[in-house]
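Not measured: the values here are computed from a predicted model. Proteins come first, then strands; the chains are lettered A, B, ... in the order of their sequence lines, and each starts at number 1. Reckoned from all heavy atoms, side chains included, excluding hydrogens, waters and symmetry mates.
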Amino acid sequence: MRLFDTLTRTERNLEPIDGTTFRFYCCGPTVYGPAHIGNFRTFVLQDVLRRTLETGGTRTLHVRNITDVDDKTIRDSQKAGQSLQSFTAGWTEKFHADCEKLGLLLPHIEPGAVDHIPQQIAMIGTLVEKGHAYPSDDGSVYFKISSFPGYGRLSHLDERELDLGKTQNARSSSDEYEKDSLSDFVLWKGRKPEDGDSFWPSPWGEGRPGWHLECSAMIQEYLGDSFDLHSGGVDLVFPHHENEIAQSECACGGRFAAHWFHITHLLVDGGKMSKSLGNLYTLEDLAARGHTAMEVRYVLIGAHYRKPLNFTLDSLSGAREALAKLAKGARQLASKCEPDTRLTSADFGPFQAAWDSLNHDLNTPGALGGIFTGLRDSASLSGHEAAAALAGFNRLLRALGLTLPEGTVQATSEIPDSVKSLADARWAARLAKNWAESDILRGQLVEQGWLVKDGKDGYTLESASAP
RNA sequence: GGCGGAGUAGCCAAAUGGUAAGGCAAUGGUUUGCAAAACCGUCAUGCGAGGGUUCGAUUCCCUCCUCCGCCUCCA
């Protein structure tokens with residue numbers, strides 16, 4: 001497949017360096033609270049990338065870290081009166097539960113920073129030895145940006161702009177750090193009282209690792225000096241990924257990531273999502289409004305990953321209808337299939353255009369459009385063709401990570417007895433052509449949040465709104 | 001200020017130098033006791049504004065307007 005690369009700003013083919021397995025790294029969550037849908041836009045698109053590669057026959061090795069030690073995790077664990085370890089474990093568990101609901105494949109490896117302190121210390125040691133890093137008086141260690149000429153390549157900063165950053169900083173916090181250059185960033189943070197128990201011994205004194213270094217160290221541990229692709233939200237381009245390149249290329253001498261994949265931020269109601277505006281949604285918030293995680297996933301893949309996506313509650317309702325339409329289309333297609341046809345076809349039939357979209361810079365909205373068009377064009381297929389088409393349809397849904405609702409009808413067991421008896425009474429009234437009675441009972445059902453739909457041989461009930 | 005991105009119907013959102021996918025909503029019809037559901041249709045002479053290049057531009061170039069992100073630890 002072809003994918004845009006942030007570093008070269010060109011579309012390039014994704015081919016595993018080692019010829020067998022596509023090895024990639026994603027910056028994972030900082031586990032100090034529930035992830036929001038903006039975080040999940042990134043994780044969902046990374047998931048679609050992996051699924052698309054795998055559907056296309058490429059083996060993958062997916063590594064995504066858990067940031068379980070930083071300012072926020074330390075601060076909030078203390079506030080919660082918990083140890084850092086149990087605090088982050090709780091939020092990690094919550095994150096995994098959300099991921100499962102969203103249909104995200106678990107990474108093959110999910111390392112945590114706290115479990116890789118020795119690797120991080122070793123990498124800092126290498127950087128100090130090679131003259132790319134230096135300790136300061138407060139027990140911290142800094143990366144020396146001037147020792148790495150390639151700095152700024154990813155985010156397209158030149159020296160002049162870095163100098164600008166320097167002077168800005170010099171004004172605001174010149175006495176805060178003892179750095180040679182104000183652009184230098186921290187690799188190891190010397191122990192401070194507010195860190196509580198969260199410190200580890202090192203050759204430079206007690207302290208804890210810096211955030212940027214965490215990813216570099218774990219990448220080297222699990223993917224080596226060079227690997228296929230690195231990914232994260234656009235906000236990580238600078239400084240996080242820029243710093244990773246500097247650390248890793250200086251420490252390992254390798255070429256680091258061959259490809260950079262960045263996902264643009266989500267907007268809510270046309271603006272930035274923030275707690276103070278009350279538009280920062282978690283999966284739980286949306287579930288409380290009656291929306292499933294799969295509906296959220298549908299909305300998140302509804303825009304191209306390099307364009308801003310405007311998230312609205314209305315779009316979630318639209319997603320529910322769209323998913324139901326897909327489910328219906330799949331049922332109709334399945335009913336046309338020759339029962340004994342063996343599904344060996346490797347092509348996508350009427351869904352070829354959708355698959356092509358996905359392979360052309362991960363165009364998920366284009367693929368969704370292609371699926372609906374393919375469904376429409378499947379109407380006149382023969383039994384054999386329908387079977388092949390259905391196979392293509394299913395592969396496409398797997399690549400997008402969508403699972404379809406079974407149907408809109410609630411299982412009988414979920415319908416309260418009182419509702420059931422009302423509906424039965426209404427059905428009896430209808431059979432007796434007692435329309436007035438029937439309409440009154442229908443009104444009562446609506447009041448209780450249930451829609452009734454009449455069929456030839458009976459009715460079906462559907463929950464009208466949020467559970 | 002620097003760097004980067006975006007402006008397409010009521011909403012969400014693609015593709016494309018040759019006349020605008022798809023979804024939601026809306027709406028007409030068939031059906032239904034009436035609705036809902038289902039089924040069959042309709043729904044941008046237009047792609048932020050103004051110039052330019054071209055036989056032809058939403059698509060390329062220029063100017064302008066608006067919005068958004070990053071600029072030291074936020075996906």
**Item:** Nucleotide of B:rA75, B:rC24, B:rG4 approaching A:T30 most closely (side-chain heavy atoms)
**Value:** B:rA75

**Asked** Just checking A:G38: base, sugar-phosphate only, or nothing, at a heavy-atom cut-off of under 4.0 Å?
**Response** base

**Request:** Classify the nucleic acid contact of A:L309 as base, sugar-phosphate or nothing, counting any heavy atom under 4.0 Å across all strands shown.
**Result:** sugar-phosphate

**Item:** Neighbours of RNA chain B within residues 70-79 of chain A, by heavy-atom distance under 4.0 Å
**Value:** A:K72

**Prompt:** Under 3.5 Å, side chain of A:T373 to main-chain N/O of A:G369, donor-acceptor pair present?
**Reply:** yes

**Message:** With side chain to side chain donor-acceptor pair (under 3.5 Å) as the rule and sequence neighbours excluded, what pairs involving residues 97-107 of chain A come up?
**Reply:** A:K94-A:D98

**Item:** C1'-based separation of B:rC43 from B:rU27 [nearest Å]
**Value:** 8 Å

**Prompt:** Stems in RNA chain B: runs of 3 or more consecutive Watson-Crick or G-U pairs, distances under 3.5 Å?
**Reply:** B:1-7 with B:65-71, B:10-12 with B:22-24, B:26-30 with B:38-42, B:48-52 with B:60-64

**Fill in**
dist A:T42:OG1 -> A:L300:CG (nearest 0.5 Å) comes out at 9.5 Å

**Message:** Between A:D115 and A:P111 (side chain of the first, backbone of the second, donor and acceptor by atom type, cut-off under 3.5 Å), is there such a pair?
**Reply:** no

**Request:** Report yes if at least one side-chain N or O of A:N363 is closer than 4.0 Å to OP1 or OP2 of B:rA15; otherwise report no.
**Result:** yes

**Item:** Under-4.0 Å side-chain N/O to phosphate OP1/OP2 contact, A:K453 with B:rA35
**Value:** no

**Ring centroid separation A:Y222 to A:Y25 under 6.0 Å** = no

**Prompt:** How far apart are the C-alpha atoms of A:Y305 and A:F4, what are their side-chain angles, what is the distance that settles it, and do they pass the ring pair (Phe, Tyr, Trp, His ring centres under 6.0 Å) test?
**Reply:** CA-CA 10 Å; A:Y305 75 90; A:F4 186 85; 8.0 Å; no

**Prompt:** What is the nucleic acid contact for A:L236, judged by heavy atoms within less than 4.0 Å: base, sugar-phosphate only, or nothing?
**Reply:** sugar-phosphate

**Asked** Heavy atoms under 4.0 Å, any strand shown: does A:T373 hit a base, just sugar-phosphate, or nothing?
**Response** sugar-phosphate

**Request:** Enumerate the residues from residues 108-115 of chain A whose closest heavy atom to RNA chain B is under 4.0 Å, giving them by residue number; use none for an empty result.
**Result:** none

**Request:** Indicate, with a heavy-atom threshold strictly under 4.0 Å, whether A:H304 touches base, sugar-phosphate, or nothing.
**Result:** sugar-phosphate

**Message:** So, taking the atom named CD in A:Q78 and the one named OG in A:S198, what distance separates them when rounded to the nearest 0.5 Å?
**Reply:** 7.0 Å

**Asked** Is A:K189 near enough to B:rC73 that one of its side-chain N or O atoms lies under 4.0 angstrom from OP1 or OP2?
**Response** no

**Item:** Pair A:F43 + A:F95: ring centers closer than 6.0 Å
**Value:** yes

**Request:** Verify the contact: side-chain N or O of A:Q332 to OP1 or OP2 of B:rC39, cut-off strictly under 4.0 Å; return yes or no.
**Result:** yes

**Request:** Scan nucleotides 26-34 of chain B nucleotide by nucleotide, 5' to 3', and note B when protein non-hydrogen atoms come under 4.0 Å of the base, S if they reach only the sugar-phosphate, - if neither.
**Result:** -------BB

**Request:** Determine: side-chain N/O of A:K325 to OP1/OP2 of B:rG23, distance under 4.0 Å, yes or no.
**Result:** yes

**Asked** Reckon A:N310 has a side-chain N or O less than 4.0 Å from the OP1 or OP2 of B:rC12?
**Response** yes

**Item:** Between A:F227 and A:F256, ring centroids under 6.0 Å
**Value:** yes

**Asked** Heavy-atom count around A:E93 CD within 6.0 Å, excluding the residue itself: above 12?
**Response** no

**Message:** Tell me whether the side-chain N/O atoms of A:R64 come closer than 4.0 Å to OP1 or OP2 in B:rA75.
**Reply:** no

**Request:** Could you tell me whether A:V299 contacts a base, only the sugar-phosphate backbone, or nothing, with contacts defined as non-hydrogen atoms closer than 4.0 Å?
**Result:** nothing

**A:K192/A:D195 ion pair, N-O < 4.0 Å** = no

**Asked** side-chain contact (heavy atoms from CB on, under 4.5 Å) with A:C26: which of A:H62, A:E110, A:H230?
**Response** A:H62

**Request:** Please state the P separation for the pair B:rA38 and B:rA44 - nearest whole angstrom.
**Result:** 24 Å

Restricting to nitrogen or oxygen on both sides, can you table the protein-nucleotides 67-69 of chain B pairs closer than 3.5 Å?
none

**Prompt:** Is the number of heavy atoms from other residues, nucleotides or ligands under 6.0 Å of A:R153 CZ greater than 12?
**Reply:** no

**Message:** With rounding to the nearest 0.5 angstrom, report the CZ to OG distance, A:R50 to A:S231.
**Reply:** 13.0 Å

**Asked** Around atom CD of A:E194, are there more than 12 heavy atoms of other residues, nucleotides or ligands at under 6.0 Å?
**Response** yes

**Request:** Please work out if A:G318 contacts a base, only the sugar-phosphate, or nothing of the nucleic acid, heavy-atom cut-off 4.0 Å.
**Result:** sugar-phosphate

